[in-house]
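Okay, so here's the structure we're looking at.
Nothing fancy with the numbering, it's 1 onward along the sequence. Note that the structure is predicted; figures quoted are calculated from it, not measured.
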Amino acid sequence: GGREDPALAGSAAMDYLELTGRVAYGWLWARIAAVAEANLASGQRDPVVMEAKIATARFYLAKLLPACGALLERIEAGSEPVMALDSGAF
């Protein structure tokens, strides 16, 4: 935790923000795809546009969202890999 490791928050911040953003976009694309599917079924919207939204959602979920696992591993690695170099090395 942060009390035992004061460098933890800073060392995980970027990965945590990226993870949060990827999960949020995954949720948004899932919602967009669900609405596009409903619009296709009802015939109320341009099917080419709706198919493009569904294809984009599938791309995001298959190619970009899986990076969340690696981001979580980086967060769980703690601050030691980030803080291993002495400040004099810079």
Side-chain angles (χ1 to χ4, degrees):
R3 291 178 193 234
E4 299 84 33
D5 184 1
L8 183 59
S11 68
M14 196 260 330
D15 296 320
Y16 182 77
L17 288 172
E18 186 174 349
L19 175 63
T20 302
R22 284 182 184 259
V23 169
Y25 269 99
W27 180 81
L28 289 170
W29 276 114
R31 294 271 303 136
I32 290 167
V35 170
E37 289 278 352
N39 286 337
L40 275 176
S42 71
Q44 293 180 346
R45 298 278 194 259
D46 181 353
V48 173
V49 173
M50 296 303 105
E51 290 290 348
K53 289 180 183 293
I54 293 166
T56 303
R58 286 184 181 141
F59 167 81
Y60 187 88
L61 297 174
K63 298 298 281 181
L64 300 177
L65 192 62
C68 290
L71 289 165
L72 185 58
E73 287 181 26
R74 289 166 49 169
I75 292 166
E76 291 174 341
S79 68
E80 197 281 323
V82 175
M83 303 304 291
L85 283 175
D86 184 66
S87 62
F90 297 96

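Under the side-chain contact (heavy atoms from CB on, under 4.5 Å) criterion, S79 pairs with D5, A7, S11, M83, not counting sequence neighbours. Applying the side-chain contact (heavy atoms from CB on, under 4.5 Å) rule to L17 yields no partners; only residues at least two apart in sequence or on another chain are considered. Contacts of E80 classified as side-chain contact (heavy atoms from CB on, under 4.5 Å), with partners at least two apart in sequence or in another chain: A84. Remark: L64 engages R22, F59, Y60 in a side-chain contact (heavy atoms from CB on, under 4.5 Å) (not counting sequence neighbours).
Side-chain heavy atoms closer than 4.5 Å link hydrophobic residues (I, L, V, M, F, W, Y) into clusters, and following such links, even through other members, never connects Y25 to L71.
For the atom pair W29 CH2 and R58 CZ, the distance stands at 12.5 Å (nearest 0.5 Å). Taken from CG in L19 to CE in M14, the straight-line distance is 11.0 Å, to the nearest 0.5 Å.
The nearest pair of heavy atoms linking L61 to G26 is CD2-O, 4.0 Å.
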With a cut-off of 3.5 Å and sequence neighbours excluded, list every side-chain donor-acceptor pair involving residues 43-50.
from	atom 1	to	atom 2	distance (Å)
D46	OD1	V48	N	3.0

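Counting only residues at least two apart or on different chains, no salt bridge (Lys or Arg N to Asp or Glu O under 4.0 Å) pair has a member in residues 59-73.
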*asked:* Quick one, I54 with I32, criterion side chain to side chain contact (heavy atoms under 4.5 Å, CB included). Give me CA distance, side-chain angles, the key distance, then yes/no.
replied: CA-CA 8 Å; I54 293 166; I32 290 167; over 6 Å; no

